[in-house]
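Everything on this sheet refers to the single structure shown next.
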Amino acid sequence: MAIVPRDIRQAGPDALEIAWADGKLSRYRVYGLRVACPCASCVDEVTGERLLDPRRVPAAVKPLRIRSVGNYAIKIDWSDGHDTGIYTFDRLRGLAESP
């Protein structure tokens with residue numbers, strides 16, 4: 001069985017929470033999620049080198065819209081205008097903080 005979110009919600013002004021179908025609850029700082037964007041604009045596709053300078057991301061960045069991508073990921077439209085990153089559920093589980 002694939003691990004999928006049961007619920008994704010804003011948990012205060014700077015955090016998201018995902019309740020997973022297996023009962024785990026994960027918390028994310030939104031700034032950390034934005035900086036961890038895996039898209040080709042933020043990470044070199046060949047070398048894996050991070051191209052995004054975290055200092056260029058506003059500390060108050062927030063998600064404006066979160067959409068499903070098939071049954072394996074979410075796509076986030078950010079308040080800084082960035083919208084190309086796809087966050088797979090596996091990656092999100094790896095990025096999770098304890099609530």
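Numbering of residues begins at 1 and proceeds along the displayed sequence.
The minimum heavy-atom distance linking Leu51 with Ser41 is given by the pair CB-O, 3.7 Å. Scanning all heavy atoms of the two residues, the minimum distance from Cys42 to Cys37 falls at CB-O, 3.4 Å. Pairing each heavy atom of Ser26 with each of Trp20, the nearest pair is OG-NE1, 2.9 Å. Scanning both residues, Pro54 and Tyr31, for their nearest heavy atoms gives O-OH, 2.8 Å. Minimum interatomic distance between Pro5 and Ile18 (heavy atoms only, all atoms of both residues): CB-CG2, 3.7 Å. Considering every non-hydrogen atom in both Pro63 and Ile76, the closest pair reads CB-CG2, 3.6 Å.
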For Asp90 and Tyr72: C-alpha separation, side-chain torsions, deciding distance, then whether side chain to side chain contact (heavy atoms under 4.5 Å, CB included) applies. CA-CA 8 Å; Asp90 287 343; Tyr72 70 96; over 6 Å; no
For the pair Ile66 and Lys75, evaluate side chain to side chain contact (heavy atoms under 4.5 Å, CB included) and give the outcome as yes or no after the intermediate values. CA-CA 6 Å; Ile66 300 173; Lys75 185 176 185 309; over 6 Å; no
Can you list the steps and then say if Lys24 with Asp22 is a salt bridge (Lys or Arg N to Asp or Glu O under 4.0 Å)? CA-CA 6 Å; Lys24 181 175 170 73; Asp22 67 355; over 6 Å; no
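Using a 4.5 Å cut-off between side-chain heavy atoms of Ile, Leu, Val, Met, Phe, Trp and Tyr, with links allowed through other members, Val69 and Trp78 fall into different hydrophobic clusters. By the rule that hydrophobic residues join a cluster once side-chain heavy atoms approach within less than 4.5 Å of another member, Val43 and Leu92 end up as members of separate clusters. Under the 4.5 Å side-chain heavy-atom criterion for grouping Ile, Leu, Val, Met, Phe, Trp and Tyr, Val4 is connected to Leu95 within one hydrophobic cluster. Residues Tyr87 and Val57 fall within the same hydrophobic cluster, defined by Ile, Leu, Val, Met, Phe, Trp and Tyr side chains chained together at heavy-atom separations under 4.5 Å.
In this structure, Arg50 contributes its side chain and Val35 its backbone to a donor-acceptor pair below 3.5 Å.
Heavy atoms from other residues, nucleotides or ligands lying under 6.0 Å from CG of Asn71 number 12 at most.
We find the CZ-CG distance between Arg6 and Leu25 to be 8.5 Å, quoted to the nearest 0.5 Å. To the nearest 0.5 Å, atom OG1 of residue Thr84 and atom CG of residue Asp77 are 10.0 Å apart.
Partner Ile74 forms a side-chain contact (heavy atoms from CB on, under 4.5 Å) with one of Ile8, Thr88, Leu33 and no other, that one being Ile8. Screening Arg56, Arg34, Lys62 against Asp80 for a side chain to side chain donor-acceptor pair (under 3.5 Å) leaves a single residue, Arg34.
Counting heavy atoms from C-beta on, the side chains of Leu16 and Arg9 never come closer than 4.5 Å.
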